[in-house]
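Residue numbering restarts at 1 for every chain, and letters A, B, ... go by the order of the sequence lines. All values derive from a computational prediction rather than experimental measurement.
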There are 2 protein chains.
Amino acid sequence: MAGRNLVGPEADALDLGAVFRALADEHRRSVLTELAADRSDSERGCNSFDLPISKQTQTHHFRVLREAGLIDEIDYGNRKGIRLRRADIEKRFPGLLTLLGAESPGGTAPR
Amino acid sequence: MAGRNLVGPEADALDLGAVFRALADEHRRSVLTELAADRSDSERGCNSFDLPISKQTQTHHFRVLREAGLIDEIDYGNRKGIRLRRADIEKRFPGLLTLLGAESPGGTAPR
DNA sequence: CTTCAGGTACGATGCAAGTCGTACTTGAAG
DNA sequence: CTTCAAGTACGACTTGCATCGTACCTGAAG
């Protein structure tokens, strides 16, 4: 039952290039935007994002997000948990997660 | 000679995906980091960035930056001026330019 | 045990993107 | 005018990446 946490980079080692590359993809960015919107930072099943792609491709995308240091993946064997590394991201790149909420032009941006 | 300003997206139309894709490349990110560091936002020649790539490739990269809405390109015919669209970027994605200053990780961080 | 759903590993494929070579255009300087 | 440097246009090449098919692994429920 106790899942093991898959490895990712340390907080100080987060690379901005890897982060931008990870967020350049629409599907990965939608996942992170959804995670950033949930302030409780609860663990989510990686099946709860309703991505219109096959599960092999989802595996690929979650791996990219993990290797960029944006999420933690907890492996339970036949299922997987996803958690946003909010503290580490805010420590290394403060304001990045807020940026993801500005997707819609009608948001907080004053005209 | 009065150069003409090449077209780019409006400030409200800046797309976060295009911005992340533009900043995913190391060369383009170095250009924008350098521009963001100069608070005077003076116009620069596109030859002043000392990029280790051919001029054709530089043309390509500056075009991507312009089409993402991050820079203005002023065409003088046989030379070109580059200017950061700081106000538009800050209006649409506040904090993004500050983020680029956090490039340097804290020391020896393998992987 | 068997079954089954969630997930991974590996390989193949198709497409987008970075790079450069050649040729052309532009404007300034002689 | 000619020359020259800066930049662009077009095409070709190569790499990277998103995607999926097939096969395999894992743990829970019958």
Side-chain angles (χ1 to χ4, degrees), chain A residues 1-8 15-33 35 43-83, chain B residues 1-8 15-33 35 42-83 111:
Chain A
M1 206 46 121
R4 62 194 187 85
N5 201 326
L6 299 181
V7 291
D15 176 58
L16 192 56
V19 169
F20 280 148
R21 271 189 299 275
L23 296 179
D25 183 85
E26 189 182 359
H27 297 133
R28 291 194 292 260
R29 200 168 61 255
S30 75
V31 166
L32 220 73
T33 301
L35 286 172
E43 184 178 320
R44 295 185 51 170
C46 62
N47 209 357
S48 65
F49 291 96
D50 201 34
L51 296 173
I53 47 180
S54 69
K55 56 181 184 176
Q56 308 98 298
T57 306
Q58 293 190 32
T59 296
H60 163 67
H61 284 315
F62 284 120
R63 171 197 285 264
V64 172
L65 287 174
R66 171 173 55 86
E67 291 181 343
L70 296 173
I71 64 171
D72 276 328
E73 288 184 293
I74 303 97
D75 182 21
Y76 296 101
N78 66 341
R79 64 188 175 90
K80 199 171 58 178
I82 302 293
R83 187 180 310 246
Chain B
M1 290 309 177
R4 61 193 189 86
N5 202 326
L6 299 180
V7 291
D15 176 57
L16 192 56
V19 168
F20 280 148
R21 272 190 297 275
L23 296 179
D25 183 84
E26 188 183 0
H27 298 133
R28 292 194 292 259
R29 200 167 61 254
S30 75
V31 167
L32 221 72
T33 301
L35 286 172
S42 57
E43 183 177 320
R44 294 185 53 169
C46 61
N47 210 355
S48 65
F49 291 97
D50 203 35
L51 296 172
I53 49 180
S54 68
K55 55 180 184 175
Q56 308 98 297
T57 306
Q58 293 190 33
T59 296
H60 164 68
H61 284 314
F62 284 121
R63 171 197 286 264
V64 172
L65 288 174
R66 171 173 54 86
E67 291 181 343
L70 296 173
I71 64 171
D72 277 329
E73 287 185 294
I74 302 97
D75 182 21
Y76 295 102
N78 67 343
R79 63 187 177 89
K80 199 171 58 178
I82 302 294
R83 179 166 300 171
R111 187 73 182 129

**Asked** Which atoms form the tightest heavy-atom contact between A:Ile82 and A:Cys46, and what is the distance?
**Response**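 A:Ile82 and A:Cys46 have their closest heavy atoms at CG1-CB, 3.5 Å.
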**Asked** Base, sugar-phosphate alone, or nothing: which one does A:Asp75 contact when heavy atoms must sit under 4.0 Å apart?
**Response**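 Contact class for A:Asp75: none.
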Starting at [atom1] of [X] and ending at [atom2] of [N], how long is that distance when rounded to a whole Å?
X: A:Asp25; N: D:dG16; atom1: CG; atom2: C1'; answer: 13 Å
X: B:His27; N: D:dG16; atom1: NE2; atom2: C1'; answer: 15 Å
X: B:Arg21; N: D:dG16; atom1: CZ; atom2: C1'; answer: 15 Å
X: B:Phe20; N: D:dC17; atom1: CZ; atom2: C1'; answer: 19 Å
X: A:Arg79; N: D:dC25; atom1: CZ; atom2: C1'; answer: 16 Å
X: B:Ile74; N: C:dG27; atom1: CD1; atom2: P; answer: 16 Å
X: A:Leu23; N: D:dC17; atom1: CG; atom2: C1'; answer: 16 Å
X: B:Glu26; N: D:dG16; atom1: CD; atom2: P; answer: 14 Å

**Item:** Contacts of type ring pair (Phe, Tyr, Trp, His ring centres under 6.0 Å), residue B:His27, not counting sequence neighbours
**Value:**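 Ring pair (Phe, Tyr, Trp, His ring centres under 6.0 Å) list for B:His27, sorted by chain: B:His61.
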**Item:** Short side-chain to backbone donor-acceptor contact, A:Arg29 and A:Leu23, under 3.5 Å
**Value:**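 Checked: pair present.
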**Asked** Can you name the residues that form a side-chain hydrogen bond (donor to acceptor under 3.5 Å, both in side chains) with A:Thr57, not counting sequence neighbours?
**Response**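 Per chain and number, A:Thr57 pairs via side-chain hydrogen bond (donor to acceptor under 3.5 Å, both in side chains) with A:Ser54.
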**Item:** Close side-chain approach of B:Glu73 and B:Thr59, heavy atoms under 4.5 Å
**Value:**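 No. Closest side-chain heavy atoms not under 4.5 Å.
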**Request:** Return the nearest nucleotide to the side chain of A:Asn78; candidates are C:dG7, D:dA6, D:dA28.
**Result:**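 Of all the options, the side chain of A:Asn78 is nearest to D:dA28.
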**Prompt:** Closer than 4.0 Å, any side-chain N/O of A:Arg28 to the OP1 or OP2 of D:dA18?
**Reply:**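 So the side chain of A:Arg28 is within the cut-off, an N or O lying under 4.0 Å from OP1 or OP2 of D:dA18.
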**Item:** B:Glu26 atom CD: more than 12 heavy-atom contacts under 6.0 Å
**Value:**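 No, because the 6.0 Å sphere around CD of B:Glu26 holds 12 heavy atoms or fewer from other groups.
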**Prompt:** Do any of residues 45-63 of chain B sit with a heavy atom less than 4.0 Å from DNA chain C, and if so which?
**Reply:**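 The answer is B:Ile53, B:Ser54, B:Gln56, B:Thr57, B:His60, B:His61.
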**Request:** Take A:Phe49 and A:Gln58, measure what side chain to side chain contact (heavy atoms under 4.5 Å, CB included) needs, and give me the verdict at the end.
**Result:** CA-CA 10 Å; A:Phe49 291 96; A:Gln58 293 190 32; over 6 Å; no
